[in-house]
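Notes follow once the structure below has been shown.
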Number of protein chains: 2
Amino acid sequence: MPVDVPPPSSDKPTGADGSVPTGRRIPEATVARLPVYQRILEELLRSGTSTVSSELLGAAAQVNAAKVRKDLSLLGSFGTRGAGYDVAFLVEQIDHQLGLDRDWTVAIAGVGNLGRALARSQGFAARNFEVVALVDTDASIIGERIDGVEVRHPDDLPAIAESTPLAIGVITTPAPVAQRVADLLIEAGVRSLLNFAPRVLDVPDDVFLRYVDLSMELQVMSFYQARRLDHEAGGRMPIIRSVGLSPGGRR
Amino acid sequence: MPVDVPPPSSDKPTGADGSVPTGRRIPEATVARLPVYQRILEELLRSGTSTVSSELLGAAAQVNAAKVRKDLSLLGSFGTRGAGYDVAFLVEQIDHQLGLDRDWTVAIAGVGNLGRALARSQGFAARNFEVVALVDTDASIIGERIDGVEVRHPDDLPAIAESTPLAIGVITTPAPVAQRVADLLIEAGVRSLLNFAPRVLDVPDDVFLRYVDLSMELQVMSFYQARRLDHEAGGRMPIIRSVGLSPGGRR
DNA sequence: GTGTGTGAACTTGTTCACAGCG
DNA sequence: CGCTGTGAACAAGTTCACACAC
């Protein structure tokens, strides 16, 4: 389901014509690919590449070059014919489209291995996802500091939210307490939830909810590798976007 | 790109007619949804439900009931008209289709928080993904045991593989060493790689490669939440499969 | 010449609606 | 009568191919 792009909001007076097209619709398939391009572009940026063609970006992202061009043209006319795309500018534009040029506060519920991994993740920090709250019920963990953030009890969430509004909640608790912790997060003002716990959650209609299953990718791999083993035939594994799939959000 | 279903291989003489259709093709969109159904069916099984309708399963998976029926009918005629699907039987069939009824050995490279989280993950154990090797270069970690598996040096991979063939490799190392560790895993016989490191990998054509970016879901969330904040309009967040997306497989 | 931007052709995936089985 | 299984209509997404800007 495509979504309206916000009105001009013209910052970034730029190369082409200061674009950012007006009420364009961005297909969800494109939205799902933007983070992929992002990651590659950032890697190119680090390696000092200043310009990239749709062909090259497509090769790195395992995506047809025409698709890359179409995706990018949906955001605006950012390329230069004959030359390609300016990497730094493109990163900026995609960041803007994804809303990554604003700060998002994140609360992580469940400070086990996964919670810690996420809290320290470069991918979070680099993209303006600021982990501002860590909660866990385990008394031996409460009080511990992870990257300067103190682990507190879930019951403190409302208090925490009072001083720092919480935008996104991440649930990395065991399944049995996932629903309860989701309720607390929502009560504390969280409007988007990312659930790693293997439990279907019940949330109000206006809360964005997405599920992640770390074993889901492995399951898809299993499918294709089994095929390959079964009949060493044309067992090409296609590129599927998945994992994040699952009972998510609303319809 | 759809894939041939293996020939009859008739075990499971069953309710309907002992089906498992012959050379059917399963669309990748369907393959990506099977793990979702799986998870819900397992939850139903635990709660003692023995029969489920496409309507109910669809509601839980946030998927149109017709889509559920079409997906399942691609695997075979597993339902009973007027009654619905037998949950236990369906789980078995999907497990079989996904190749989850055989054992997969998994090697995890990088025993940080994420590596540990995965090694201990219920989702892995429950689906016949057996973690048989853990490697890390950090001397202070080598020798440690996690769920009975000793952490060893990546250079030992060939030796490990000799006693236990490795099917799948999971990379949870820092980005700079991801390529090197991928090479070692492949040398040790791994034919499928799941890469959590933010690095584009170069692997031979016959190795399945998939990328997971834990922040990717958050980025998509950011997109839709930003839209919603910008113009409190029809900001419905669609259900996108993503995260796992990314430079994957071959083309 | 080189590589973008994009209509138009095509492929894949989704939904509808209903026949037919239990 | 309820619910599956599926052809047929529809919608979304992808690829092609080429005009056009640099």
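All of these numbers come straight from a predicted model, not from anything done at the bench. Each chain gets a letter, A, B and so on, in the order its sequence line appears, and its residues count up from 1.
At least one side-chain nitrogen or oxygen of Ser54(A) sits closer than 4.0 Å to the OP1 or OP2 atom of dT4(C). Listed pair Tyr85(A) / dG5(C) meets the phosphate criterion, a side-chain N or O lying under 4.0 Å from OP1 or OP2.
Closest approach to the Arg33(A) side chain among dT14(D), dG5(C), dG13(C) is made by dT14(D) (side chain taken as heavy atoms from C-beta onward). In the set dG5(C), dG5(D), dT14(D), the nucleotide with an atom closest to the side chain of Ser77(B) is dG5(D).
Counting only residues at least two apart or in different chains, side chain to side chain donor-acceptor pair (under 3.5 Å) contacts with residues 79-88 of chain B are absent.
Between Glu55(A) atom CD and dA17(D) atom P there is a gap of 15 Å when expressed in whole angstrom units. Atom-to-atom, CG of Asp86(A) to P of dG3(C) comes out at 16 Å; the value is rounded to the nearest Å. Spacing between atom CG of Leu72(B) and atom P of dT6(D) amounts to 12 Å, rounded to whole angstrom units. Phe89(B) has its CZ atom 15 Å from the P atom of dT4(D), to the nearest Å. A straight line from CD of Glu28(B) to P of dG13(D) spans 14 Å, rounded to a whole angstrom. Rounded to an integer number of Å, the gap from Leu75(B) CG to dT4(D) C1' is 14 Å. One atom, CG of Leu74(A), and another, P of dG13(D), lie 11 Å apart when rounded to the nearest Å. Here dT6(C) presents its P atom at 12 Å from CZ of Phe78(A), a figure rounded to the nearest Å.
Under the rule for a salt bridge (charged side-chain N to carboxylate O under 4.0 Å, His left out), the partners of Arg180(B) that lie at least two apart in sequence or sit in another chain are Asp155(B). Under the salt bridge (charged side-chain N to carboxylate O under 4.0 Å, His left out) criterion, Arg102(A) pairs with Asp230(B), sequence neighbours left out. In terms of the salt bridge (charged side-chain N to carboxylate O under 4.0 Å, His left out) criterion, residue partners of Arg199(A) (sequence neighbours excluded) are, by chain and number, Glu43(B). With sequence neighbours excluded, the residues that form a side-chain hydrogen bond (donor to acceptor under 3.5 Å, both in side chains) with Ser192(B) are Gln225(A).
No hydrogens or angles considered: nothing links the side chains of Gln179(A) and Asp202(A) as a donor-acceptor pair under 3.5 Å.
Both the sub-6.0 Å distance and the 45° axial angle are satisfied by Arg228(A) relative to the ring of Phe208(B).
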- prompt: Which letters describe nucleotides 15-22 of chain C, given B = protein heavy atom under 4.0 Å from base, S = only from sugar-phosphate, - = neither?
  reply: BBB-BBBS
